Amino acid sequence: MPTIHLNNLIKRYGEVQVLHGVELELADNEFTVLVGPSGCGKSTTLRMVAGLEDVTEGEIFVDGKPVSHLEPKDRDLAMVFQDYALYPHMNVAQNISFALRLARRPKAEIDAKVKDVAATVGLTEFLHRKPGALSGGQRQRVAMARALAKDSSLFLFDEPLSNLDAKLRGQMRAELALMSQRVQKSMIYVTHDQIEAMTLADRIVVMNGGYVQQQGSPEELFKRPVNKFVAGFLGSPPMNFLSGEIQDRSGEIYITGQGFDLLIEGEKAQAARSHSDRTVTLGVRPSDLRFDEAAPKNKALSLDVTVSEYVGAQSVLLCQCGAANVMVELASETPVALGQTLNFAVNQNGVHLFDHQKETAL
Amino acid sequence: MSIARVNRMTPYMFMAPAAVIMAIALIYPLGYMIWGSFRAWDPSQTIGEAEFVGLKNYVTLWNDPNFRESLGVTLKFAFFVVTFELIIGVGLALLLDRNIRGMSLLRTMFILPMMIAPVVVGLMWRYMYHPTVGTFNRTLESLGLPSVDWLGSHALMSVIIADIWQWTPFIFILSLAALQSLPRSALEAARIDGATAWQQIWYIKLPLMMPVLIVTGLLRLIDAFKVLEVILVMTEGGPGLSTEILALRISRTATEFRELGVAAAMSNYLLMLLLILTLGMFAFQRIQEARAARIRAAAEEDV
Ligand SMILES: Nc1ncnc2c1ncn2[C@@H]1O[C@H](COP(=O)(O)OP(=O)(O)OP(=O)(O)O)[C@@H](O)[C@H]1O
Ligand SMILES: [Mg+2]
């Protein structure tokens with residue numbers, strides 16, 4: 001099982017630089033998810049690891065050995081493409097066994113492997129169908145089976161679920177999680193869906209604009225985002241941001257802004273006290289706001305409800321706090337009328353502060 | 001007449017002018033030719049004056065060794081021309097299917113021969129093949145090699161080469177278009193699966209191009225049966241009957257031998273041959289469509 005090290009990876013297309021020195025260290029058997037908005041360079045990074053794109057600068061090390069000069073076939077990896085990239089003229093069995101046939105494995109071994117893998121992904125009845133005669137979900141499974149059949153030590157996935165409908169995507173996501181536990185291989189998975197990232201990953205790498213923003217376990221990134229981008233990207237509904245000013249009132253730290261005046265406690269207060277700039281951005285996740293009419297004024301936000309989105313057991317309220325929009329999650333049975341002003345207690349552990357200019361966490 | 005009936009008739013009324021033109025422009029000459037092929041018909045007679053001889057023209061032709069030789073030459077010509085054009089055209093397309101600077105200029109240059117009028121092509125090659133002052137023999141001579149009797153004992157080969165030169169670009173551009181519309185990611189998947197460049201061509205590119213190649217090949221085949229000008233200008237069918245393809249023989253039968261009935265019968269033989277080929281092409285497409293439909297139906301069943 002390989003450890004993979006991307007050393008200061010840079011990619012340029014002509015004049016345009018798309019990756020600005022990506023530095024990553026991926027451990028054995030780890031499920032790594034690259035996540036970020038569209039166009040941030042996730043696919044490019046993955047394709048460079050696969051050998052489908054040239055490396056402009058930097059190096060990729062697998063187990064300490066540089067591989068960027070190697071052809072894809074010499075890198076011992078398998079890949080699942082966003083559009084599945086099945087061979088349209090071959091039936092499912094031939095698709096799955098193509099790599100094995102090229103490697104001239106004995107026929108009995110190939111047959112056994114195809115059967116085995118097809119059973120794993122539930123394709124046994126479709127072995128003689130061409131991809132054109134399969135549904136989207138089935139094609140996705142064929143792509144998965146083809147990758148599995150290769151027995152490579154590294155698996156690459158480029159948004160393999162993005163062409164499926166919401167229900168199927170959820171189902172395949174669960175199956176993928178199961179599969180990754182069972183096969184115990186290193187995997188790199190690209191997605192722009194943060195739910196996929198959170199549920200599947202051992203390690204999440206958040207990218208934006210060709211830079212790695214932060215990497216770590218899902219919990220780490222969720223609880224301690226290093227900057228405003230990561231904080232806003234992970235979590236659904238996204239984190240609320242309010243700009244305010246730090247005020248030191250005889251030892252007590254307050255963040256005060258349009259429509260709120262919040263007492264900050266604990267280590268966040270320490271960080272705020274020693275921060276040079278007085279203006280900051282306050283970040284609070286919707287889930288860290290709790291409806292509580294009795295909450296003291298300096299530990300709560302009072303919000304004007306403008307829109308209520310019913311999503312089942314939970315409702316998402318769109319509210320105004322001064323000029324800023326704030327989203328809140330609320331149990332659906334709570335009686336709320338639009339236009340009301342409600343009081344929400346702020347969970348102190350869920351308070352995030354960001355530098356106003358650099359957007360880094362305090 | 002009820003309104004409903006008028007409405008039902010409307011489409012046919014709109015189609016009528018086209019149908020009339022079709023009948024006059026297409027069916028009439030064709031019928032004329034078929035009718036004429038049953039007669040002993042001299043150009044000085046009107047078709048009505050010519051004597052009706054039934055199938056005599058067809059039978060005569062069938063037993064005529066010269067006609068058979070001409071048919072043989074035609075088949076040989078078509079076979080070699082299409083085979084080599086396919087191999088070279090597809091080969092070039094595979095070679096030039098990449099994004100290097102100047103490639104689009106190169107591609108444009110490759111299709112130039114196709115744009116030259118056949119008569120000009122014939123003249124050009126005739127001079128290049130000239131036994132003493134032609135380009136080829138002069139080159140051979142300057143290299144100290146024996147000269148070749150291009151338009152003499154190797155006449156058929158020479159006209160085949162000229163046709164390959166002119167029509168390979170046709171196959172080249174169509175194959176290139178087919179290549180460039182192949183699914184990129186399937187080729188990338190093949191690279192990851194361990195396919196070498198040759199294996200990618202053999203197992204992925206060629207099979208996926210096959211429908212286009214079959215249609216292109218058939219189009220070329222049909223065309224090859226009808227070539228006339230290039231050969232007329234280069235060899236006039238000679239020496240002997242060695243390059244007298246059917247189209248040439250038909251034109252000579254009509255103009256030199258003044259046997260319009262026989263020429264018409266010969267045309268009908270050629271027409272039947274082409275018809276069989278065209279029907280083959282249609283059948284191929286129908287089979288493909290039927291297969292696609294079946295696949296789609298199967299897919300819809302178990303969604
Ligand atoms: N061949 C190319 N030439 C020039 N620019 C390119 C090329 N391929 C990709 N890019 C640019 O590189 C950037 C990163 O592309 P990439 O495909 O890696 O994005 P991504 O993160 O995978 O986005 P998505 O989530 O939409 O797939 C994009 O801004 C894109 O425009
Ligand atoms: Mg992408």
Side-chain angles (χ1 to χ4, degrees), chain A residues 43 46-47 49-53 70-91 94-105 125-126 128-139 142-143 146-147 149-150 152 154-156 158-159 165 168, chain B residues 90 94 97-104 175 177-215 284-303:
Chain A
S43 297
L46 192 76
R47 290 168 57 82
V49 173
L52 297 171
E53 298 280 351
L70 293 179
E71 276 288 298
K73 65 188 170 71
D74 301 321
R75 296 192 186 192
D76 188 23
L77 47 82
M79 182 159 172
V80 178
F81 292 78
Q82 179 168 11
D83 62 356
Y84 314 140
L86 302 179
Y87 311 123
H89 57 297
M90 300 184 195
N91 67 27
Q94 289 165 330
N95 261 287
I96 296 176
S97 64
F98 188 59
L100 301 175
R101 285 184 286 138
L102 288 177
R104 303 201 179 284
R105 298 279 184 76
E125 311 131 72
F126 304 109
H128 298 288
R129 291 257 190 102
K130 294 261 176 75
L134 296 175
S135 70
Q138 291 163 345
R139 281 180 218 175
V142 179
R146 187 174 63 181
K150 268 193 79 186
S152 311
L154 173 62
F155 283 78
L156 305 177
D158 192 354
E159 308 201 19
D165 66 53
L168 199 53
Chain B
V90 174
L94 288 170
D97 174 32
R98 55 196 70 193
N99 292 321
I100 312 176
R101 274 238 311 259
M103 196 51 86
S104 59
S175 326
L179 263 178
Q180 290 180 339
S181 64
L182 292 189
R184 280 269 162 267
S185 57
L187 288 167
E188 289 176 345
R191 282 175 67 192
I192 287 180
D193 272 351
T196 61
W198 279 113
Q199 287 170 327
Q200 282 174 48
I201 291 175
W202 195 248
Y203 293 117
I204 312 286
K205 291 184 185 173
L206 283 182
L208 289 180
M209 285 165 76
M210 205 39 87
V212 174
L213 292 187
I214 288 176
V215 173
F284 172 77
Q285 277 174 345
R286 286 294 287 275
I287 291 169
Q288 288 255 311
E289 272 163 30
R291 211 176 64 185
R294 214 172 50 233
I295 284 169
R296 231 169 306 142
E300 269 151 27
E301 241 167 56
D302 49 47
V303 161

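Here is how names work: the chains are called A, B, and so on, in the same order as the sequence lines, proteins then strands, and each is numbered from 1. All figures in this text were calculated on a predicted structure; none of them were measured in a lab.
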Nearest heavy-atom neighbours spanning Ala189(B) and Ala85(A):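 Heavy atoms only, the tightest pair is CB-O, 3.7 Å.
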If every non-hydrogen atom of Arg191(B) is compared with every non-hydrogen atom of Gly51(A), which pair is closest and at what distance?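 Where Arg191(B) meets Gly51(A) most closely, the heavy atoms are NH2-O, 3.5 Å.
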Contact origin within [X] toward chain B - heavy atom pairs under 4.5 Å:
X	answer
Arg47(A)	side chain
Ala78(A)	backbone
Leu86(A)	backbone
Glu71(A)	side chain

Tell me whether Arg98(B) at atom CZ has more than 12 heavy atoms from other residues, nucleotides or ligands lying less than 6.0 Å away.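 Above 12, so yes.
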Atom pair [atom1] ([X]) and [atom2] ([Y]), whose distance is rounded to the nearest 0.5 Å:
X	Y	atom1	atom2	value
Phe98(A)	Tyr203(B)	CZ	OH	7.5 Å
Arg184(B)	Phe81(A)	CZ	CZ	12.5 Å
Asp193(B)	Arg101(A)	CG	CZ	9.5 Å
Thr196(B)	Lys73(A)	OG1	NZ	7.0 Å

Most contacts with chain B, counted as non-hydrogen pairs under 4.5 angstrom, among Pro72(A), Ala50(A), Ala143(A):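 Max contact count across the listed options: Pro72(A).
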Please rank Gly194(B), Ala195(B), Pro207(B) by heavy-atom pairs under 4.5 Å with chain A and give me the top one.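 Of Gly194(B), Ala195(B), Pro207(B), Gly194(B) has the most heavy-atom pairs under 4.5 Å with chain A.
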Answer yes or no: is there a side-chain heavy-atom contact under 4.5 Å between His89(A) and Met210(B)?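 Side-chain contact under 4.5 Å: no.
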Side chain / backbone / both / neither for Gln199(B) at chain A, heavy atoms under 4.5 Å: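 Just the side chain, heavy atoms under 4.5 Å.
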